[in-house]
Amino acid sequence: MLQAFSPTATMTHTRSSFDTTPATERHSTGARTLLALVALLPLPAMTGCAAALEAAGYRGSEGVEVHSAQVRLDVEEVWFVAQDVFGIMSSEPLEMNAFPRTLTGRVDGARVELEVLAWDLNRTTIKARATRYGFADSRVGERVLQTVLAQLELRN
């Protein structure tokens, strides 16, 4: 029995049956299935790593923690103190923006962004956020903010 030829037709011979689908199509389908299975294997391990990182105080990039404080000082004074303190703490030169007043640098391997905002006359908000390997590093962000606040307290 012979069927009409088409790429997906199956030909049957009296002694054996065989598929007329080209070998490259058969192998690529199997290879794609195998690749999909291999790609899914590390998921349980990665889920465990993410849980361990979150338990250690790290959160994903959408959960970046922002530490903030308000001080009763002029925004210019806070801005200059923040530049001095953060410049000493950072292991690389700071990236500075005058408006909005933001400083970006590295502290203990974490990328830290410090923002100084004028809230009202003689009232300023300071915000600090730190990320390491794409995850929030709460301890570094909090330490930078606390160091700036301590220096502001010493100067006033």
Side-chain angles (χ1 to χ4, degrees), residues 7-8 19-156:
T8 57
D19 190 3
T20 60
T21 306
T24 54
E25 286 183 25
R26 281 192 307 241
H27 293 299
S28 66
T29 304
R32 276 185 259 145
T33 305
L34 181 62
L35 274 174
L37 289 174
V38 169
L40 292 175
L41 284 176
L43 280 180
M46 288 172 31
T47 307
C49 289
L53 286 172
E54 190 168 341
Y58 296 99
R59 291 192 180 152
S61 59
E62 68 269 353
V64 174
E65 291 183 22
V66 178
H67 300 278
S68 65
Q70 273 194 357
V71 293
R72 292 182 182 262
L73 296 169
D74 182 53
V75 68
E76 291 300 323
E77 182 180 354
V78 174
W79 174 240
F80 290 121
V81 170
Q83 289 177 32
D84 289 343
V85 171
F86 193 39
I88 293 169
M89 293 180 77
S90 181
S91 60
E92 62 184 33
L94 296 179
E95 294 176 27
M96 247 185 284
N97 290 328
F99 187 79
R101 293 177 183 94
T102 57
L103 300 167
T104 305
R106 290 215 173 265
V107 176
D108 294 339
R111 182 181 175 274
V112 181
E113 184 177 325
L114 193 69
E115 190 173 8
V116 178
L117 304 163
W119 180 256
D120 201 1
L121 187 62
N122 289 331
R123 182 167 258 179
T124 305
T125 301
I126 309 166
K127 294 182 179 183
R129 64 180 66 83
T131 56
R132 184 188 316 241
Y133 307 119
F135 293 96
D137 192 338
S138 180
R139 290 177 289 237
V140 172
E142 185 176 0
R143 187 173 49 148
V144 169
L145 179 64
Q146 293 302 322
T147 306
V148 170
L149 291 174
Q151 191 64 33
L152 284 168
E153 191 175 319
L154 286 176
R155 291 192 181 188
N156 290 315

Closest approach of [X] and [Y], non-hydrogen atoms and distance?
X: G141; Y: A130; value: N-CB, 3.6 Å
X: L94; Y: Q83; value: CD1-O, 3.9 Å
X: E65; Y: S138; value: OE1-OG, 3.0 Å
X: T124; Y: D74; value: OG1-C, 3.5 Å

Salt bridge (charged side-chain N to carboxylate O under 4.0 Å, His left out) partners for [X], two or more places apart:
X: R101; result: E76
X: D84; result: R155
X: R123; result: none
X: E95; result: none

Any non-hydrogen side-chain atom of [X] less than 4.5 Å from a side-chain atom of [Y]?
X: T147; Y: F86; value: no
X: I126; Y: L152; value: yes
X: W79; Y: M96; value: yes

- Does A150 have any side chain to side chain contact (heavy atoms under 4.5 Å, CB included) partners at least two apart in sequence or in another chain, and if so, which? none
- Taking only residues two or more places apart in sequence, or in another chain, which ones meet E92 in a side chain to side chain contact (heavy atoms under 4.5 Å, CB included)? S90, R106
- In Å and rounded to the nearest 0.5 Å, what is the CD to NZ distance from Q70 to K127? 10.0 Å
Counterpart residues, side-chain hydrogen bond (donor to acceptor under 3.5 Å, both in side chains), relative to [X] (two or more places apart):
X: N122; value: none
X: N97; value: T102
X: E77; value: N156

- Query: Between D108 and R143, is there a salt bridge with N-O shorter than 4.0 Å?
  - Reply: yes
Just distance, no hydrogens or angles: give the donor-acceptor pairs under 3.5 Å from side chains in residues 110-120, sequence neighbours left out.
residue : atom : partner : partner atom : Å
E113    : OE2  : R129    : NH1          : 3.1

